[in-house]
Protein chains: 2
Amino acid sequence: MGEGRRAHSTARQSDVHVRALLRGLAVLEVLAQGQDLNLSEVARRARLPVSTTHRLLETLRRRGFVQPVEDGRYRVGLRAFEVGMGFLRAQRLPDVARPVMVELVDRVEETANLAVRDGAEAVYVLQVESDRMLRLFGQPGSRHPLYCTGVGKVLLAWEPEEEVRKLLGRGPLPRFTPRTLTDPDAVVRELRVVRARGYAVDREERESGVRCVAAPVRDAAGRVAAALSVSAPASRLPNRRIPQVAATVVSAADEISRRLGFSAVRNSPPPAGKIPVPSES
Amino acid sequence: MGEGRRAHSTARQSDVHVRALLRGLAVLEVLAQGQDLNLSEVARRARLPVSTTHRLLETLRRRGFVQPVEDGRYRVGLRAFEVGMGFLRAQRLPDVARPVMVELVDRVEETANLAVRDGAEAVYVLQVESDRMLRLFGQPGSRHPLYCTGVGKVLLAWEPEEEVRKLLGRGPLPRFTPRTLTDPDAVVRELRVVRARGYAVDREERESGVRCVAAPVRDAAGRVAAALSVSAPASRLPNRRIPQVAATVVSAADEISRRLGFSAVRNSPPPAGKIPVPSES
DNA sequence: CATGTCTTTCCGTATTGTAGAAAATTCTTC
DNA sequence: GAAGAATTTTCTACAATACGGAAAGACATG
């Protein structure tokens with residue numbers, strides 16, 4: 001920065017966006033919440049004029065990204081689903097992780113989740129359900145805070161503290177249950193524990209009655225690429241059972257990491273700096 | 001310039017589309033195939049000028065619908081995944097169907113799929129895998145032809161023949177295996193059989209070595225809203241086992257229909273006409 | 001260093017999206 | 001059923017905006 005003498009408008013590479021497309025995407029995002037909305041509600045939520053919204057919706061509809069449903073309401077369409085699944089199709093992660101997760105679920109008899117980080121939130125990408133239980137929460141595609149979920153803590157734990165602070169903000173953090181940690185400092189301390197023992201625990205911090213245990217999945221470069229978790233009703237995850245479950249989760253996560261090309265050999269402490277090779281370039 | 005009086009003008013809301021948005025969606029669709037592409041490849045496949053494509057990709061990236069990956073390549077982004085999953089979130093179908101499918105998979109020990117029709121293709125929306133087998137084909141979000149898959153035939157069988165003909169075209173239909181029916185007439189005959197016995201069979205017509213059995217799921221209005229199938233290696237689905245598996249699939253599909261509000265009581269022949277009220281859409 | 005491929009930026013132009021308002025439609029309410 | 005409210009849809013004039021060719025950078029390859 002430190003420039004700014006372009007005559008007419010700013011010449012930032014940042015603002016090469018196409019407004020009409022941005023607005024169309026905004027409409028899609030509004031509908032993605034999962035409720036069917038009519039034109040004017042979409043317009044209100046997307047903060048767009050009605051007639052503009054109408055045009056955008058019509059365009060999205062023609063392409064199948066949005067489908068009209070009874071009563072003049074709209075909902076996310078099949079094509080959007082298809083495109084969205086393209087995300088999984090392109091990643092190696094889901095294919096690699098799924099069989100391991102099936103195995104894991106078999107062992108612990110509880111539902112397993114795989115999540116990745118997106119900014120200050122975790123997004124569930126894959127879920128393998130135990131038949132012992134109907135879904136607790138967190139369908140694939142849903143977002144969750146980082147500081148009060150097992151996967152979230154894992155996704156945070158190996159980030160540099162400065163980054164963590166930035167993501168958490170200055171607090172207090174929104175409280176979901178009596179056990180939620182609302183003080184960023186407390187979270188940072190907790191993350192230290194997570195890092196030390198190699199897995200994270202969520203004791204009803206996000207949702208009363210639900211506990212989970214999570215471990216990091218690393219990619220070939222050694223970065224934490226995802227978090228694997230097992231969640232269960234608190235009654236089925238008493239403290240004394242946690243170490244054993246955690247061991248199982250960690251070993252499953254390690255297996256996924258291995259298959260992604262990560263080799264743990266030289267990195268007891270996960271790779272922080274560069275390789276200390278004194279040879280010059 | 002007396003333009004046509006809008007008096008009876010056929011409300012052609014057809015040409016109210018936003019080109020920039022259409023193009024952006026086209027870019028997304030290109031990437032949704034699952035391969036990572038660089039700018040110029042995207043431009044080529046989307047048939048757009050490079051500079052335009054660049055701008056669109058940049059816009060999509062800012063919103064997380066596309067993510068840059070190593071080597072200047074792009075792939076479908078997390079946000080697109082989220083939005084796509086909104087499709088499932090909005091539908092009742094997946095939530096209703098999943099538990100029934102889990103049960104079904106438990107019974108037959110083979111992978112179950114749920115598909116809906118989109119134009120002349122079937123799109124898989126839900127899959128429950130048997131642990132006996134690694135995925136055969138057809139991940140959620142993928143498209144398949146109607147005339148040579150179990151789910152496809154089911155989705156076609158209760159449509160009016162005129163519609164079916166239109167969807168099939170004049171043939172010959174693309175052949176995938178030696179058993180594929182390539183003649184529209186043959187398909188129409190086959191559909192009659194499907195309708196009569198209430199389920200469809202695919203005997204390696206799409207993929208050599210893979211058979212499947214499919215049955216219709218009806219919504220509250222009695223329409224075929226989806227198709228439920230079980231697929232397996234041909235060796236595990238010999239002819240003599242098919243009737244029994246089919247019965248299981250049909251009963252699972254019926255259960256889903258029931259939970260969707262369909263009551264089979266008065267409709268031995270699935271509702272073909274409407275209630276004789278001459279109102280129209 | 002030359003050459004080809006690919007990405008990014010620039011910029012003048014007219015195409016295209018925009019939004020207000022009016023028309024048409026649907027939903028309420030009496 | 002009629003009157004009125006609240007939608008959705010169409011229309012239009014205007015200028016903001018997206019456009020795409022071309023040029024300038026990157027980056028690799030021979």
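Letters go in sequence order (proteins before strands), and every chain restarts at 1.
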- request: May I ask you to verify if any side-chain N or O of His54(A) is less than 4.0 angstrom from the OP1 or OP2 atom of dT9(D)?
  value: yes
task: Check whether any side-chain N or O of Asn38(A) sits under 4.0 Å from OP1 or OP2 of dT7(D), and answer yes or no.
output: no
message: Rounded at 0.5 Å granularity, tell me how far CG in Leu57(A) sits from CZ in Arg61(A).
response: 10.0 Å
message: Looking only at the side chain of Asp71(A) (C-beta and beyond, no hydrogens), which of the listed nucleotides dC27(C), dT7(C), dG20(D) gets closest?
response: dC27(C)
query: Where the side chain of Leu39(B) is defined as all heavy atoms beyond and including C-beta, which of dT8(C), dG20(D), dT18(C) is the nearest nucleotide?
result: dT8(C)
What nucleic acid atoms does [X] come within less than 4.0 Å of, heavy atoms only: base, sugar-phosphate, or nothing?
{"X": "Ser51(B)", "answer": "base"}
{"X": "Arg73(A)", "answer": "nothing"}
{"X": "Thr52(B)", "answer": "base"}

task: Spell out yes or no: do the side chain of Arg23(A) and the base of dG17(C) have one donor N/O and one acceptor N/O closer than 3.5 Å?
output: no
- prompt: How close or far is atom C1' of dT26(C) from atom CD of Glu70(A), stated in whole angstroms?
  reply: 15 Å
- request: To the nearest Å, give me how far apart CG (Leu37(A)) and C1' (dT7(D)) are.
  value: 15 Å
task: Flag the pair Glu255(A) and Arg258(A) as a salt bridge only when some basic side-chain nitrogen lies within less than 4.0 angstrom of an acidic carboxylate oxygen.
output: yes
message: Between Arg117(A) and Glu121(A) (salt bridge meaning N to carboxylate O under 4.0 Å), is one present in this structure?
response: no
task: Could you pick out which residue, Val18(A) or Ser40(A), lies toward the 5' side of DNA chain D when each is mapped onto its nearest nucleotide?
output: Ser40(A)
- request: Using heavy atoms to find the nearest nucleotide of DNA chain D for Arg55(A) and Ala20(A) separately, return the residue whose nucleotide is more 5′.
  value: Arg55(A)
message: Please find the pair of heavy atoms, one from Ala32(B) and one from Val83(A), that lie closest to each other, and give the distance.
response: CB-CA, 3.6 Å
